[in-house]
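Everything on this sheet refers to the single structure shown next.
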Amino acid sequence: MLTLNDTVSLQDAITSYHYSQSLTEYIRRKTITVKIGDIPLGSEYPIRVQSMTTVDTMNTEGSIEQVIRMVESGCEYVRITAPSVKEAQNLENIRKGLRARGYTVPLIADIHFTPNAAELAARIVEKVRINPGNYADKKRFELIDYTEDEYQRELERIREKFIPLLKICKEYGTAMRIGTNHGSLSDRIMSRYGDSPLGMVESALEFLRICEEFNYYDVVLSMKSSNPLVMVEAYRLLVNRLDAEGLKPYPLHLGVTEAGEGEDGRIKSAVGIGTLLEDGLGDTVRVSLTEDPEFEAPVAAALIGRYTNRAAETTPIRPITASPIHPFQYSRRKTKEVFNFGGGNVPRVIADLSAIEVTQYEDLRSVGHFYLPVPDKWKMNDIGVDFIYTGARPSTFMLPMGLKEIVDYEVWKTALNQEHQFPLFTLAEFEQATERSTTLNFIKIDAATQLTQEQIAGVPVVLLLQTDNAHAMPALRRFMVDLIEKGMDCPVVIQRTYSTENSDELSLFAATDCGGLLVDGLGDGIMLSAQYAAEVDNEERLKYAKQQNSIAFGILQAGRTRMSKTEYISCPSCGRTLFDLQETTALIRKRTDHLKGVKIGIMGCIVNGPGEMADADYGYVGIGKDKIALYRGQQVVKKSVVANNAVDELINIIKEDGKWFEPEAIEL
Ligand code: SF4
């Protein structure tokens with residue numbers, strides 16, 4: 001077994017990139033079964049949906065009512081925070097109340113810092129969740145250079161604190177989640193591994209090894225982060241390390257922490273959770289939104305639902321025997337620059353307007369370009385598209401400078417405006433064409449095509465990659481792996497088409513399919529398309545295009561490849577929350593949502609908040625009734641601000657840093 005004492009040997013040992021049964025076939029990872037009340041968890045069973053209450057745990061009736069609403073919305077497990085012994089004790093009343101009303105949903109106690117609360121809860125509920133970063137440690141944010149002896153003594157200290165809980169769980173048949181959070185790793189782990197996916201994995205393995213030593217296997221594991229890239233890398237690495245160390249294949253609980261609210265929260269969750277589900281990882285899902293918990297389960301169910309028949313629906317994809325993509329460390333596929341695609345350029349967004357009449361300036365508002373009669377100028381907002389694809393019906397007016405147009409090859413051939421329009425070819429058209437653009441050509445290509453360098457040599461080409469395969473993300477990835485293996489460096493735009501029926505599906509499925517590729521460093525742009533029913537009129541289509549555009553930019557932001565909005569890392573709230581998170585998040589968003597690229601953490605409590613917002617530039621954290629602490633990065637800069645003044649004070653800190661500017665006077 002690899003020891004914790006040798007970081008170098010551990011990193012060297014990651015010679016295999018193995019983490020998924022197959023990168024091209026949908027095969028769910030085989031796990032052991034963990035019994036959680038009467039709803040078992042593991043690969044023999046469907047992927048489960050769960051969520052967490054937000055009502056104060058001491059509010060017994062309120063908690064019962066909320067749990068019932070959550071169950072009715074689809075939750076199969078419900079987690080409740082137990083910050084101290086008194087809340088742990090009250091879980092008994094909540095459980096009894098639920099049973100009295102005929103609800104047998106397994107309950108999970110959420111524990112941070114308090115082993116005595118965990119030991120009590122483990123006697124009452126079906127599962128306890130511990131955070132290995134703070135179960136036996138109080139975080140002092142100290143970097144300590146441990147000697148080997150000191151490190152061993154630390155591990156001994158963990159054992160002493162953890163073994164009593166293990167024994168109780170064994171005795172009572174209680175399951176446990178060892179739930180690592182990127183933002184709350186112990187000082188010990190941070191000192192040795194940093195806040196890396198490797199540190200996150202080791203944080204859980206420290207505790208898991210003790211479980212196995214005591215033959216306790218009712219364990220579920222999670223590796224959450226508010227950054228979907230870190231989260232995906234950590235889960236993959238976890239699976240790799242479990243196999244490498246000969247530990248059991250424990251079920252995985254998937255989640256992106258502090259995903260936020262609305263569309264952004266859904267997209268961020270889907271990029272992280274969906275990417276892992278595509279590769280067959282994950283046995284239960286919790287989507288964390290800054291919304292009432294009953295809104296979370298349907299999102300989780302929609303993400304999971306795609307995989308029920310996935311294996312049967314997939315058209316076979318050529319297997320990948322050795323992937324050239326590093327699954328535990330982000331790096332973008334190297335491409336040559338073609339016009340403004342690839343190379344060092346941010347991924348581009350193309351709006352598909354080919355089924356929409358674009359006849360007046362107004363029509364471009366939907367894709368972020370605005371004509372202002374006074375002073376007779378075009379403006380664009382932060383999500384103004386880079387290109388529009390108008391297919392066979394090009395726009396009838398001169399487009400703004402910052403916007404380019406793609407038209408079908410047949411149209412382009414006869415166009416008067418060839419310099420401002422670029423052609424989209426089929427591969428056959430491209431090969432037979434006598435005329436091509438000298439600056440930029442698009443080729444529509446199916447992911448099953450085996451393209452060769454000779455077919456596109458010497459011409460500035462960007463591929464518009466698409467597939468009809470139900471296992472879409474892996475099919476698209478297979479094509480790009482092929483390009484890498486052949487040394488082909490042309491940029492690739494990911495094109496996906498979705499039905500217009502369900503906007504949740506558009507954001508979740510597009511974020512999974514495109515986000516899964518971005519996480520692996522693949523893709524130099526996105527184009528989302530729609531199949532419109534004949535009765536959908538032009539106005540409706542423009543509205544839909546606006547939504548697609550927002551989603552496309554949201555996916556790029558969640559994939560950390562192009563920041564076009566302010567990033568909010570807001571906790572989902574729980575029984576510890578000290579202010580109205582939804583209201584406060586809305587207020588902060590209203591004042592700051594023009595600060596493109598700035599990351600603001602909004603956390604309901606001081607216990608976990610500062611850790612959970614590891615990634616944020618600024619933090620707004622509840623420390624008591626009507627009292628807020630304000631952070632710059634991980635440093636508290638205002639310890640106790642009256643809640644009424646806290647948003648103004650937060651803006652003052654941003655101003656001090658020179659990152660503030662006034663919102664655009666003209667409403668775009
Ligand atoms: S940060 Fe938010 S969700 Fe996390 S424990 Fe505190 S209040 Fe609860």
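Treat the numbers as computed from the prediction; the structure is a model and nothing was measured.
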Side chains of [X] and [Y]: do they bring a donor and an acceptor to under 3.5 Å?
X	Y	value
Lys224	His253	yes
Asn345	Glu337	yes
Ser288	Glu258	no
Ser395	Glu405	yes
Tyr568	Thr592	yes
Asn309	Tyr26	no
Ser354	Asp352	yes
Asp376	Tyr371	yes
Gln329	Glu233	no
Glu296	Ser51	yes
Thr452	Gln455	yes

Open item on the list: Can you tell me how the ring of Phe661 sits relative to the ring of His594, calling it parallel under 30°, perpendicular over 60° and tilted otherwise?
Closed with: perpendicular
TODO: Could you check Tyr235 against Asn240 for side-chain hydrogen bond (donor to acceptor under 3.5 Å, both in side chains), going step by step and ending with a plain yes or no?
DONE: CA-CA 9 Å; Tyr235 275 99; Asn240 177 283; over 6 Å; no
Would [X] and [Y] pass as an ion pair if we require N to O under 4.0 Å?
X	Y	value
Arg562	Asp386	yes
Asp524	Arg332	yes
Arg318	Asp482	yes
Glu435	Lys413	no
Arg310	Glu313	no
Arg589	Glu261	yes
Asp264	Lys565	yes
Arg477	Asp279	yes

Open item on the list: Run the ring pair (Phe, Tyr, Trp, His ring centres under 6.0 Å) test on Phe422 and Phe339 for me, step by step, so that the C-alpha distance in whole Å, both residues' side-chain angles and the decisive distance to 0.1 Å come before the verdict.
Closed with: CA-CA 11 Å; Phe422 301 102; Phe339 194 66; 5.1 Å; yes
Task: Residue of the set Lys444, Gln495, Met480 for which side-chain contact (heavy atoms from CB on, under 4.5 Å) holds with Leu465 - done: Met480
Open item on the list: Name the residue from Ile356, Leu364, Ile350, Val407 that meets the side-chain contact (heavy atoms from CB on, under 4.5 Å) definition with Ile388.
Closed with: Leu364
With a 6.0 Å cut-off (strictly less than), is the heavy-atom count around [atom1] of [X], excluding the residue itself, greater than 12?
X	atom1	result
Tyr330	OH	yes
Asn538	CG	yes
Glu485	CD	yes

Do [X] and [Y] have side chains that get closer than 4.5 Å, going by heavy atoms?
X	Y	value
Asp520	Arg333	no
Asn441	Pro423	yes
Lys336	Val338	yes
Ile443	Thr426	no
Thr512	Met473	no
Val271	Val256	no
Met223	Pro197	no
Leu528	Thr497	no

Measure across [X] and [Y] and return the closest heavy-atom pair with its distance rounded to 0.1 Å.
X	Y	value
Leu254	Leu281	CD1-O, 3.6 Å
Pro228	Ser226	CD-O, 3.4 Å
Val481	Pro324	CG1-CD, 3.6 Å
Gly343	Thr335	N-OG1, 3.1 Å
Asp617	Gly597	OD2-O, 4.0 Å
Leu518	Gly523	CD2-O, 4.2 Å

Just by distance, do the side chain of [X] and the backbone of [Y] share a donor-acceptor pair under 3.5 Å?
X	Y	value
His326	Ser331	no
Glu291	Gly262	yes
Arg496	Met527	no
Ser323	Ile325	yes

Task: Lys NZ or Arg CZ of Arg348 over Phe387 ring: under 6.0 Å, within 45° - done: no
Open item on the list: Please determine whether side-chain contact (heavy atoms from CB on, under 4.5 Å) holds for the pair Trp378 and Leu399, giving the CA-CA distance in whole Å, both sets of side-chain angles, and the decisive distance to 0.1 Å.
Closed with: CA-CA 9 Å; Trp378 283 95; Leu399 297 181; over 6 Å; no
TODO: Kindly determine whether Glu567 and Arg560 satisfy salt bridge (charged side-chain N to carboxylate O under 4.0 Å, His left out), including the steps that lead there.
DONE: CA-CA 10 Å; Glu567 177 92 2; Arg560 303 288 168 120; 3.6 Å; yes
Task: Residues that Phe509 engages under ring pair (Phe, Tyr, Trp, His ring centres under 6.0 Å), provided they are two or more places apart - done: none
TODO: Would you check, one step at a time, whether the test side-chain contact (heavy atoms from CB on, under 4.5 Å) holds for Arg29 with Asp283?
DONE: CA-CA 9 Å; Arg29 169 179 169 262; Asp283 304 286; 4.3 Å; yes
Open item on the list: side-chain contact (heavy atoms from CB on, under 4.5 Å), that's the test. Do Tyr19 and Asp243 meet it? Break it down for me.
Closed with: CA-CA 9 Å; Tyr19 68 93; Asp243 290 351; over 6 Å; no
- [ ] Give a yes or no on whether the ring-centroid distance for Phe425 and Phe442 is below 6.0 angstrom.
- [x] no
Task: From SG (Cys490) to CG (Leu463), nearest 0.5 Å - done: 4.0 Å
Task: Criterion side-chain hydrogen bond (donor to acceptor under 3.5 Å, both in side chains) on Asp408 and Tyr389, from CA distance to verdict - done: CA-CA 8 Å; Asp408 290 341; Tyr389 167 57; 2.5 Å; yes
- [ ] Evaluate the criterion side-chain contact (heavy atoms from CB on, under 4.5 Å) for residue pair Ile320 and Arg478; output intermediate values, then yes/no.
- [x] CA-CA 7 Å; Ile320 296 175; Arg478 182 67 191 92; 3.3 Å; yes
